Amino acid sequence: DDGVSETDETVVLTLGALTNGTLGTPSVHTVTVTDNEVTLTVQFDGGGSGDVSTQDATPPISCTSGDPPSACTETYPNGTTITLLATPTFTSEGIFRFEDWSGTGSGFTCTTNSTCVVTMDQSRTVTARFSTIGWITLTPSSRSFTQPEGGTASPASATITVSNTGDRPVQLSPTLPIIYTPNVTSWLKAQLDKLVIDTLSPGTLTLSILPNSLPAGIYNAEVLVRDDGGQYSWSAQVTLTVSAPPTAPLLSNVSYNLIQLNDDLRCTLSTPYASSFEVVFDYTDPNGNGPTTIVQAALDLAWVFVFGGPGGFSNYTYLSSVSGNGWSGTVTTTQCYRFGSNSYVDITMTIEDLTGLRSDEIPLRIDRPSGSN
């Protein structure tokens, strides 16, 4: 033992011969001593995800990449041949691909083949690198449009950013299959400005609503962006809401009362008669967004006078007041008139709400007051 020194795995023996009790000139011999067991450590690299497992090895290795990548280690007899298999995984985060191997120690030859055979004549660390194949993200993933029945959409078009969150460019199909639900093929158009999307240069998907005569309702569509091989697809949801055109206000239960004032201070006709037309009515807003009181409706009254014969009127200025609660109201308007020889005046009444919608015409006939000329 005194003649043995150990450095790493090399043993140096110093040997000499005794002659008549005297040590002769020593000779030095170097002997390499091999350990009985070596270790294999597997680890991961790259932005992708995958598994590495041994084939028919005892003990087996089964490692899964994570964030951060995990490593696993097993011990084998010296000289054992180990076969490793790298398998990329598919998750909702992307499509992954095995890229290559790297390893420590002399004699390591594994490259891009997913199977790696290593001879464990020394302890080794083997790294499997996985990358992310191009993976499309649509932002936003849905778009909504509104359009009045018989009108145009607002907005007429919208854009979706097509980004690549993977490591490689995505080759897209030259055509964009559009699936409609329901099967209406004339209201949506989709156009992509790039057929190769990489991580540095996103594309733009433009969705346009075409002029159409769709009836009121909700229409859904799905736009699929497919890779060139048709293996993967990414979808954007499109919703078109076609609303029925607004309905004009409705007047009902209309009645009137004529109050003769004989007010020659405000009337310039010969033998003038000033009267107030008091009209009572119910008001309905079919669109459901009307006022809580008639006063808030800002009603516009339009009076049209049609005389049955000679006659006239002056001071054609409305002196109207509107009052009421809920959906009923009263309108009082003062006019100056002269009936002449006929017995009636026809009046047409309409109202207009704040949105510019006008009700149907309501014809009223005012009979000649008794005793008037």
Side-chain angles (χ1 to χ4, degrees), residues 1-18 23-135 164-169 199 231-232:
D1 290 341
D2 292 340
V4 178
S5 64
E6 181 178 337
T7 303
D8 292 333
E9 296 178 348
T10 302
V11 177
V12 180
L13 301 179
T14 304
L15 303 177
L18 288 175
L23 182 65
T25 302
S27 61
V28 178
H29 299 269
T30 301
V31 180
T32 300
V33 179
T34 303
D35 293 336
N36 291 330
E37 292 184 336
V38 291
T39 40
L40 173 61
T41 299
V42 175
Q43 60 187 22
F44 299 90
D45 193 12
S49 175
D51 304 329
V52 172
S53 59
T54 54
Q55 305 295 296
D56 301 326
T58 303
I61 285 180
S62 180
C63 299
T64 300
S65 64
D67 188 15
S70 62
C72 54
T73 302
E74 291 293 350
T75 301
Y76 298 97
N78 192 299
T80 303
T81 299
I82 303 294
T83 301
L84 299 174
L85 176 64
T87 306
T89 58
F90 175 82
T91 70
S92 60
E93 299 174 353
I95 307 168
F96 302 115
R97 168 179 176 146
F98 171 73
E99 290 292 343
D100 53 37
W101 300 96
S102 60
T104 62
S106 60
F108 183 83
T109 59
C110 298
T111 55
T112 59
N113 194 303
S114 60
T115 300
C116 176
V117 179
V118 291
T119 300
M120 294 304 299
D121 54 2
Q122 56 192 294
S123 294
R124 297 182 184 274
T125 297
V126 177
T127 300
R129 185 168 66 96
F130 294 94
S131 67
T132 304
I133 296 178
W135 186 252
N164 181 4
T165 59
D167 297 332
R168 295 173 176 267
T199 54
Q231 184 177 6
Y232 304 103

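Residues take their numbers from the sequence shown, with the count starting at 1. The model shown is predicted, which means the values in this text are computed figures rather than measured ones.
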For [X] and [Y], work out which heavy atoms get closest and say how close.
X	Y	value
Trp135	Tyr232	CZ3-CD2, 4.4 Å
Phe44	Gly50	CE2-O, 3.8 Å
Cys63	Val42	SG-CB, 4.3 Å
Ala57	Ile82	CB-CD1, 3.9 Å
Thr199	Gly166	CG2-O, 2.6 Å

Using side chain to side chain contact (heavy atoms under 4.5 Å, CB included) as the criterion, point out the one residue from Thr104, Val52, Leu84 that pairs with Val126. Leu84
Sequence neighbours excluded, which residues qualify as ring pair (Phe, Tyr, Trp, His ring centres under 6.0 Å) partners of Phe108? none
If we ignore angles and hydrogens, is there a donor and acceptor under 3.5 Å between the side chains of Thr75 and Glu37? no
Does [X] reach the main-chain N or O of [Y] with its side chain, forming a donor-acceptor pair under 3.5 Å?
X	Y	answer
Thr54	Ile61	yes
Thr83	Gln55	no
Thr125	Thr41	no
Ser65	Ser49	no

Does any non-hydrogen side-chain atom of [Y] lie less than 4.5 Å from one of [X]?
X	Y	result
Cys110	Val118	yes
Glu74	Leu40	no
Pro59	Tyr76	yes
Leu85	Ser114	yes

Can you list every salt bridge (Lys or Arg N to Asp or Glu O under 4.0 Å) pair that touches residues 122-133, not counting sequence neighbours? Asp100-Arg129, Asp121-Arg124
Could you work out, with side-chain contact (heavy atoms from CB on, under 4.5 Å) as the rule, every residue matching Pro77, not counting sequence neighbours? Thr80
Starting at CZ of Phe130, measure out to CG of Asp167 and round the result to the nearest 0.5 Å. 13.0 Å
